[in-house]
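Predicted, not measured: the structure shown is a model, and the values here were computed from it.
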Amino acid sequence: MALRSNPTLRQLRLGAELRRMREQAGLGGSQLARALGINPAHVTQMESGKTGISVERLRTIAALCMCVNEPLIDALADIITDRDKGGWWEEYRGNLSQDFLEVAEIEAHAQGLSVYTMAFIHGLLQTNAYASAVFARSYPPLPEHEVDLRAAFRLRRQHIIRSEATPYTAYIHEAALRMQFGGARVQAEQLGALVEASERPNISIRVVLFDVDMIPLPNENFTYVEGPVQELDTVQSDSGVGNLLFDAPAHTARFRSLLARIGSAALSAEESREFIRSIKKDMESKYA
């Protein structure tokens, strides 16, 4: 079987879970290979997402690793039987970086999304003008066609929550509501879009005020992506060096705890809606 040159995130995650299953059983790669009757290099290829496996082999590996977590095994089997070779984001391969494509892929397979942002409105809630203003502030400056391409891609991602199929909770710090990307008029339009979005049945928008001191550090902008089982949850975070993904149980547990703390400190959905309206009114007074 030919090795994959570009495994998808789901294929990589399947491999990572196979490795985690083996390590939790205390087995080395060579030991598992011997039990399966295959070359140790094949185990490495499976665990790196470079080669696929059958559902039957998955269940054999689970048995050898004494894994009795049936919901997890079934969820991994679903990844194997998913014959989708890629989503709409593949149209952008070669034009946008891998980071952009990974975010779209991980959102597309999410069972639920929870985000926390401090300096900007999350991409799934951005208007076209706001998104363009965010990308236009990149340094060094991006060419205009690159700004347009990235903004268009960001808006296309929004189908995930606009279809109302995916539960979505956004915790937005007050700083992000007041930060003016593109000026007061663009920000007022963006705040109006937030109010409208908050009225959708699958979307909850909650504000964290300046005077709350129970929040993460300023660089803790993150998205918690729920999988079909908790063991397949993932955290995505932006950084100065690119897109960061965390899936180790200790990491996901930490971010679940952070979300609980943020949720306990944030305004309710209705209070947040009224607060956003008040800031929108202030913004409108700047250009009225």
What donor-acceptor contacts under 3.5 angstrom involve side-chain atoms of residues 30-41, with partners at least two apart or in another chain?
unit_1	atom_1	unit_2	atom_2	d
Q31	OE1	G28	N	2.6
N39	OD1	A41	N	2.8

Point-to-point distance, once rounded to the nearest 0.5 Å, from CG of L191 to CD of E196: 11.5 Å

Treating E105 as the side-chain partner and L9 as the backbone partner, does any N or O pair qualify as donor plus acceptor under 3.5 Å? yes

Check the pair E164, R200 against salt bridge (charged side-chain N to carboxylate O under 4.0 Å, His left out), reporting the backbone distance first and the verdict last. CA-CA 7 Å; E164 300 184 357; R200 290 178 177 267; 3.5 Å; yes

Got a second to check how far T127's OG1 is from Q190's CD, nearest 0.5 Å? 4.5 Å

For the residue pair Y92 and F153, is the inter-centroid distance of their aromatic rings smaller than 6.0 Å? yes

Any carboxylate oxygen within less than 4.0 angstrom of a Lys/Arg side-chain nitrogen, looking at E17 and R13? yes

Looking at R59 and E56, is any side-chain nitrogen of the basic one under 4.0 Å from a carboxylate oxygen of the acidic one? no

How are the rings of H251 and F246 set relative to one another: parallel (under 30°), tilted (30 to 60°) or perpendicular (over 60°)? perpendicular

Under the salt bridge (charged side-chain N to carboxylate O under 4.0 Å, His left out) rule, what do E231 and R20 come out as? Steps first, then yes or no, please. CA-CA 11 Å; E231 291 85 351; R20 190 170 288 133; over 6 Å; no

Tell me whether the rings of F222 and Y116 are parallel (<30°), tilted (30 to 60°) or perpendicular (>60°). tilted

Side chains of Q126 and N128: donor-acceptor distance under 3.5 Å anywhere? no

Ignoring hydrogens and angles, tell me if any N or O in the side chain of S132 forms a donor-acceptor pair with the backbone of A129 under 3.5 Å. no

V115: which of I172, N221, T223, V225 passes side-chain contact (heavy atoms from CB on, under 4.5 Å): T223

Taking E146 for its side chain and P143 for its backbone only, find out whether a donor-acceptor pair lies under 3.5 Å. no

Taken to the nearest 0.5 Å, the spacing of W88 CH2 from L101 CG works out to 8.5 Å

Does the R273 side chain pair with the main chain of S198, one donor and one acceptor, at a distance under 3.5 Å? yes

Is a donor on one side and an acceptor on the other found under 3.5 Å between the side chain of Q187 and the backbone of M179? yes

Distance check, rounded to the nearest 0.5 Å: K280 atom NZ versus L177 atom CG? 13.5 Å

Keeping R277 on the side-chain end and V195 on the backbone end, is there a donor-acceptor pair under 3.5 Å? no

